[in-house]
Structure formats: C-alpha cells, structure tokens
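This report concerns only the one structure given below.
Side-chain atoms are counted along with the backbone in the values below, which use heavy atoms only and exclude waters and symmetry mates.
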Amino acid sequence: MTPVQPDSIFSSIPAIRFEGVESDNPFSFRYYDPSRIVAGKTMAEHFRFACAYWHSFNGNGSDPFGGPTHIFPWDRYTDPLDRARAKMDAAFDFMTRLGLGYYCFHDVDVVDYTDDVADNERRLQAMVAYAKQKQVETGIMLLWGTANLFSHRRYMNGAATNPDFKVLAHGAAQVKAALDATIELGGAGYVFWGGREGYMSLLNTNMSLEKENLARFLHTAKDYGRRNGFTGTFFIEPKPGEPSKHQYDFDVETVVGFLRQYDLLGDFKINIEVNHATLAGHTFTHELQAAADAGVLGSVDANRGDYQNGWDTDQFPNNLNELTEAMLIFLEAGGLQGGGVNFDAKIRRNSTDPADLFYAHIGGMDAFARALITADKILQKSEYKKFRADRYASYEGGAGKDFRNGKLTLEDLRDLAISGGEPEVKSGRQEWLENIINRYL
Ligand code: XUL
Ligand code: CO
C-alpha cells in the first residue's frame with residue numbers, strides 16, 4: 001500500500017511500519033507486525049484491524065458543552081458529494097499510511113442524507129462507486145457496513161421497534177441501501193446496532209410487539225441480503241442502553257436467547273464492544289466467553305470506558321491486563337467468525353493534531369498485538385490450561401461423568417455424598433493465575 005494523497009491533512013505523517021520494541025519512533029509499531037505468525041496465523045489475519053469512519057472522519061470533538069474542536073478541511077465543500085469524496089480521500093490516505101486493512105461505516109458517515117429516500121440512495125451509490133475504486137487502488141477492504149437508524153428525529157422511538165409502522169419502513173429503506181452498498185463493496189459483514197431499539201418508559205411501550213417486530217425486521221433484511229448475494233456474516237452489537245434507557249440487545253446472553261427464540265442463530269453472530277460490556281455490568285472477557293460458548297463470537301468493537309464515568313466514552317484500548325485475558329479467550333475459541341477488530345473509539349476533544357489519530361490507532365494495535373503474544377505464551381508455556389482442566393477433572397470420569405451423561409438420579413447423588421465423605425477444600429488460586437499474566441507480559 002502506498003500513500004494516495006500527498007497533499008492531505010496527513011501528508012506530514014510517514015508510513016507506519018513495524019520497528020520492534022527497541023524503537024523510539026512514535027510513528028512505528030513496536031509489537032504489531034502484520035506478517036508475524038502467532039498460534040498458526042499472521043497477526044493481520046487474527047485481527048483484521050478496521051477504522052471506524054464515524055469516529056475518525058465525522059466525530060468533530062463536540063460534546064454537550066461545546067462545539068467542534070476538530071476542524072476538517074472537507075467541511076468547506078458545500079456540495080454533499082464533493083464533501084463526501086474529499087472526506088473519503090482523507091480516510092483512505094489515513095488507512096494507507098497506517099497500514100490498516102479494513103474500514104467500517106454507517107450510510108450517513110459516508111455521505112450526508114436528507115429526507116428524500118431515492119436521493120439518499122443515489123448519493124450512497126455514487127460514493128460506493130468512488131469507494132470501490134479506492135479499494136482497488138489501495139487494497140483496503142470493507143469489514144462491515146451498517147445503517148444509522150438512531151440519529152434522525154423520526155427514529156426517536158426506535159426504527160424496527162417503532163410504534164409507528166411508517167418509521168419502520170423508513171428504517172428498512174435505509175437498511176436496503178446500506179446492504180446493497182455492503183454487497184457491492186464486498187463487505188465481510190453487516191452490523192445491526194439498535195441504539196434506540198428499546199424504550200425510554202414502559203408506560204408507553206408494548207415490549208412483546210416491539211421485540212417481535214425487531215425479529216421480523218432482521219429476518220426480512222437477512223432474506224433480502226441472502227437473495228442478493230450477501231454471503232458474509234450478519235452481526236448484532238449488544239449494548240444495555242444509551243441512548244435508550246433499556247436496549248433490547250442488552251448483552252451477549254440476552255441476544256443469544258433472542259436469536260435462538262426467533263430462529264436467527266444460523267445467520268447472525270455477535271459484535272462485542274468493550275465499553276458496551278462494561279456498561280452492561282460485565283467484563284469484556286465475560287462477553288467474549290459467553291459468545292464463544294454459544295458459537296457466535298463474530299467481531300469486536302475495540303475501545304475502553306472510563307472507570308469514573310458511567311457512559312460510553314469510546315476511548316482507545318490500552319489496558320494490557322484486560323486485553324491479555326481477552327486474548328486467552330480469543331485464542332482458545334479459535335478467533336473471530338467472520339469479523340475483525342474495529343476501533344470504535346475516538347480521540348479526545350482536546351486531541352487536535354492529525355497525528356493524534358495515528359497515535360491512538362498505533363497504541364490500540366500494539367496493545368492488541370502485545371496481548372496476543374502474551375496470551376499465546378501463557379497457553380504454550382504456563383500451567384494455566386492444565387490448572388483449569390485439573391479443576392474439573394472429577395467430571396471427566398466415574399460418577400462425575402455419569403452425572404453429565406444424565407445417568408444419575410437425585411437419590412444416587414445423595415448416596416454418593418455419603419459414600420464420598422466431606423469433599424476436600426481446593427483453592428481456586430486466583431492470585432496465582434493473575435500473576436501468570438504479569439509474568440508473561
Ligand atoms: C454505539 C456504537 C455504534 C455501533 C454501530 O455505541 O457502538 O457506533 O458500533 O452502529
Ligand atoms: Co460499536
């Protein structure tokens with residue numbers, strides 16, 4: 001990949017390369033070496049790192065207390081397609097310099113939408129043609145596409161779960177166009193994140209009808225995609241709330257139950273976002289393990305929250321302990337099914353240099369890479385796996401195995417309690433396990 005935009009806002013930034021741990025160059029990777037093989041796959045194959053169009057090229061640093069601090073040169077264009085093309089030039093230039101192989105977008109990130117459905121379709125199609133060319137020139141690919149069904153005021157009560165069918169139809173029109181775009185661009189996946197698919201108050205909500213409609217909407221979209229050549233993976237991205245008070249796709253186990261109930265498990269996997277996990281009162285690892293156990297560990301939205309805040313701060317990931325524990329599950333599960341690691345993260349309001357976007361992604365990619373290397377060493381060299389297996393050895397033979405196979409009655413268990421005597425107390429050795437992580441970091 002060679003830089004495509006020598007005169008862009010990123011023109012002062014060199015191409016980022018792997019230089020190893022001895023490097024002092026802040027514009028280099030110290031751990032992420034795309035071609036290095038870890039546990040049988042290259043790092044590039046394991047991660048499929050992606051850039052989130054919305055945070056990096058639309059998020060302008062504004063917050064509820066103040067306007068934009070990130071001033072984008074493409075905003076000087078008044079024509080929406082000129083603006084969209086200039087923004088896309090910058091996006092592909094950024095990804096090329098960084099060596100990032102994938103990107104993700106919402107429809108409205110790529111080009112501004114109005115209230116005219118047919119015109120929005122034309123705008124998106126024009127940008128798809130432009131993006132297709134850029135993909136060919138740079139080798140960068142689409143990890144997943146999605147439709148923004150939460151920002152327009154018509155979606156204030158949800159899209160697929162809106163009490164008004166007319167709003168649902170508008171949501172469907174947007175999904176159709178975004179799916180067409182994803183198919184045309186060879187996207188590996190398509191994401192549904194239902195930020196407003198929930199409620200603000202149960203006083204005005206028919207929860208069972210809303211959930212049924214959500215399931216019917218997903219079936220309808222899935223059938224359209226499959227009929228029109230989409231062979232990739234559909235993903236649901238759970239989050240417990242924000243912007244709604246309660247979101248139906250609360251967490252992984254809630255979504256697995258929903259997919260099973262409505263017969264969607266065959267086509268849908270889960271996109272797990274770190275900060276959404278913590279908002280649901282879980283750890284990132286809890287969500288990864290729950291998805292892996294259900295066979296739906298599909299993709300990751302990488303970021304982190306803030307210990308002092310209770311909202312979705314979408315900071316770049318840098319917690320090595322948390323990521324190493326995550327990579328243990330990732331490796332033992334055999335990686336992600338159909339997805340990749342998308343940085344759903346934004347630089348801070350006061351990070352105003354073009355270089356800051358590079359530092360943020362470099363830090364995140366290096367943190368994941370270092371965690372992967374560490375987790376692999378733990379699995380290969382430490383007693384971590386053996387200790388966990390030994391802890392459950394009593395279920396691998398004898399009466400424990402009979403129990404698992406449904407061969408024992410409650411009376412049998414009672415008799416075994418007497419014949420076996422008082423069980424020996426066995427340590428779970430949590431601190432010893434935690435020390436293993438620090439030892440191999
Ligand atoms: C919001 C969020 C979304 C989804 C895509 O919290 O994570 O950006 O990833 O709609
Ligand atoms: Co996300």
Side-chain angles (χ1 to χ4, degrees), residues 1 16-21 28-52 95 98-104 139-144 186-189 191 232-233 235 237 252 269-274 277 284-285 287-293 295-304 316-345 360-382 384-385 437 440-441:
M1 292 192 275
I16 314 298
R17 309 250 183 262
F18 171 71
E19 292 183 9
V21 285
S28 74
F29 296 117
R30 301 174 73 249
Y31 293 91
Y32 179 61
D33 177 359
S35 56
R36 172 167 171 184
I37 293 181
V38 179
K41 273 194 242 177
T42 65
M43 285 190 170
E45 286 164 343
H46 272 296
F47 292 129
R48 308 215 289 177
F49 283 127
C51 167
M95 293 186 282
L98 185 61
L100 207 58
Y102 293 85
Y103 66 110
C104 301
I140 293 166
M141 290 177 277
L142 178 64
L143 186 65
W144 49 260
V191 162
T233 312
F235 300 107
E237 183 178 325
V252 169
K269 305 245 179 289
I270 300 190
N271 180 33
I272 299 171
E273 178 160 330
V274 183
F284 177 37
T285 45
E287 292 292 77
L288 290 173
Q289 191 67 64
D293 291 346
V296 291
L297 178 54
S299 206
V300 165
D301 266 11
N303 59 22
R304 75 177 206 277
F316 274 81
N318 66 3
N319 183 330
L320 290 173
N321 249 277
E322 177 180 84
L323 290 174
T324 303
E325 286 193 36
M327 288 302 106
L328 286 170
I329 297 166
F330 178 98
L331 283 174
E332 289 209 284
L336 302 172
Q337 298 181 39
V341 175
N342 166 47
F343 289 105
D344 195 352
H361 283 84
I362 291 168
M365 292 159 83
D366 260 351
F368 265 85
R370 187 169 174 188
L372 184 79
I373 295 165
T374 310
D376 183 48
K377 276 194 220 152
I378 291 171
L379 292 172
Q380 301 300 326
K381 298 187 181 169
S382 81
Y384 167 81
K385 265 170 95 169
I437 295 191
Y440 284 93
L441 255 177

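The only option from L372, I437, N319 that meets the side-chain contact (heavy atoms from CB on, under 4.5 Å) definition with T324 turns out to be I437.
Residue pairs meeting the salt bridge (charged side-chain N to carboxylate O under 4.0 Å, His left out) criterion with at least one partner in residues 28-45, sequence neighbours excluded, do not occur; the list is empty. Every pair passing salt bridge (charged side-chain N to carboxylate O under 4.0 Å, His left out) that includes a residue from residues 318-344 is listed here, sequence neighbours excluded: E332-R388.
At distances below 3.5 Å, not a single donor-acceptor pair connects side-chain atoms of S28 with backbone N or O atoms of F18. Put simply, the side chain of R48 never gets that close to the backbone of G101: no donor and acceptor are under 3.5 Å apart. Side-chain atoms of H46 come within 3.5 Å of backbone N or O of V38 as a donor-acceptor pair.
With contacts defined as side-chain heavy-atom distances shorter than 4.5 Å, the pair E287/I270 does not qualify. Counting heavy atoms from C-beta outward, F47 and P34 have side chains that stay 4.5 Å or more apart. Side-chain contact between I378 and M327: absent, with no pair of heavy atoms (C-beta onward) separated by less than 4.5 Å.
Expressed to the nearest 0.5 Å, how far CD1 of I16 lies from NE2 of H361 amounts to 11.5 Å. Going from atom CZ of F284 over to atom CZ of R304 covers 13.5 Å, rounded to the nearest 0.5 Å. With values rounded to the nearest 0.5 angstrom, F330 atom CZ is found 14.5 Å from T285 atom OG1. If you take CZ on F368 and CG on D366, they are separated by 12.0 Å, rounding to the nearest 0.5 Å. Atom CZ of F49 and atom CG of L143 lie 11.5 Å apart (nearest 0.5 Å). In this structure, OH on Y102 lies 11.0 Å from CD1 on I140, to the nearest 0.5 angstrom.
The minimum heavy-atom distance between S299 and W144, with the atom names listed, is OG-NE1, 4.2 Å. For the residue pair A188 and G338, the shortest heavy atom distance occurs at CB-O, 3.8 Å. Taking both residues in full, the closest heavy atoms of A302 and V274 are given as CA-CG2, 4.2 Å, listed atom of the first, atom of the second, then distance. When all heavy atoms of G298 and L336 are compared, the pair lying nearest together is O-CB, 3.3 Å.
Under the ring-ring contact (aromatic ring centres under 6.0 Å, His included) criterion, F29 pairs with Y32, sequence neighbours left out. Scored by the side chain to side chain contact (heavy atoms under 4.5 Å, CB included) test, A291 finds V252, I272, V296, L297 as partners (sequence neighbours excluded). Residues satisfying the side chain to side chain contact (heavy atoms under 4.5 Å, CB included) test with L320, not counting sequence neighbours, are A367, R370, L441. Residues passing the side chain to side chain contact (heavy atoms under 4.5 Å, CB included) test with T233, sequence neighbours excluded: F235, K269. The side-chain hydrogen bond (donor to acceptor under 3.5 Å, both in side chains) test applied to E273 returns H276, N303, not counting sequence neighbours.
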